[in-house]
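Report on the following structure.
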Amino acid sequence: MAADHAGVELKDELIRCLHELGHQVTDLGTNTHEPVDYPDFADRAAEAVLSGAADRAIFTCGSGLGPAIAANKIPGIRAVTAHDPYSARYSRLDNDANFLSLGQRVIGPGLAKEIVHIWLETEFSGAERHRRRLEKIERLARAHAPCSPDTSASEKE
Ligand code: RB5
């Protein structure tokens with residue numbers, strides 16, 4: 001779990017809830033209302049997933065938007081903002097999302113807990129069409145990386 005200064009209360013409440021549900025949770029901060037830049041903390045949370053230290057990352061901020069934008073710049077991260085149960089479920093089933101970003105100024109703690117519960121309990125379907133689409137997303141990242149010789153994502157298939 002990580003947060004910026006606008007998501008500290010929701011982070012702390014979700015951590016309490018996750019502990020009660022038996023999850024192991026790492027609190028990567030921030031822990032005060034002192035303004036911080038969400039990309040710095042999104043990077044920490046993403047790194048925890050990429051290193052294998054965490055299975056998934058959950059980020060809380062004001063809107064839930066910026067950290068997902070930031071995290072999606074990092075290869076291997078599939079970040080979503082999901083403020084309803086349907087989006088939370090399908091971000092796992094179809095998109096194998098590994099980074100969930102929630103806005104404390106958008107949803108209350110009850111809905112956030114329900115969303116987090118669904119998001120953590122739902123597994124990626126593994127369906128071939130979804131694997132293919134995720135592979136294409138990775139190819140887009142490679143194709144648009146600076147100095148990348150791989151331009152295959154722009155090819156028609
Ligand atoms: C902080 O004021 C706010 O911009 C941030 O928490 C988030 O909403 C960004 O996407």
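Atoms within each ligand, like the ligands themselves, are counted from 1 in listed order. Since the model is a prediction, treat every value here as computed from it, not as a measurement.
Atoms of ligand 1 found under 4.0 Å from any heavy atom of Gly66 (numbered from 1 in listed order, with element): 9 (C), 10 (O). Annotation for ligand 1: atoms under 4.0 Å from non-hydrogen atoms of Ser63 are 7 (C), 8 (O), 9 (C), 10 (O). In the vicinity of Tyr38, heavy-atom distances shorter than 4.0 Å reach the ligand 1 atoms 9 (C), 10 (O). Close contacts of ligand 1 with Gly62, meaning ligand atoms under 4.0 Å from a residue heavy atom, involve 5 (C), 6 (O), 7 (C), 8 (O). Against a heavy-atom cut-off of under 4.0 Å, His5 is close to the following atoms of ligand 1: 1 (C), 2 (O).
Counting protein heavy atoms only, atom 6 (O) of ligand 1 is closest to Asp4 OD2, 2.6 Å. Among all non-hydrogen protein atoms, the one lying nearest atom 2 (O) of ligand 1 is Arg105 NH1, 3.5 Å.
Heavy-atom neighbours of Tyr90 OH from other residues, nucleotides or ligands within 6.0 Å: at or below the threshold of 12.
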Do any side-chain atoms of residues 108-122 form donor-acceptor pairs under 3.5 angstrom with protein atoms, and if so which ones, sequence neighbours left out?
from, atom 1, to, atom 2, distance (Å)
Lys113, NZ, Glu13, OE2, 3.1
Trp119, NE1, Ser91, OG, 3.2
Thr122, OG1, Ile118, O, 2.7

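Relative to the six-membered ring of Phe41, Arg44 meets both conditions, a distance below 6.0 Å and an angle of at most 45° to the axis.
With rounding to the nearest 0.5 angstrom, the CG atom of Leu93 is 7.5 Å from the CZ atom of Arg89.
By the criterion of a heavy-atom distance under 4.0 Å, the side chain of Ala6, and not its backbone, is placed next to ligand 1.
With sequence neighbours excluded, the residues that form a side-chain hydrogen bond (donor to acceptor under 3.5 Å, both in side chains) with Asp94 are His130.
In terms of N/O distances under 3.5 Å, ligand 1 is not approached by Pro67.
At a distance under 4.0 Å, no protein heavy atom can be found next to atom 4 (O) of ligand 1.
Using a 4.5 Å heavy-atom cutoff, the side chains of His83 and Leu102 are in contact.
Between Arg16 and Asp12 no salt bridge is recorded (no basic side-chain N to carboxylate O distance below 4.0 Å).
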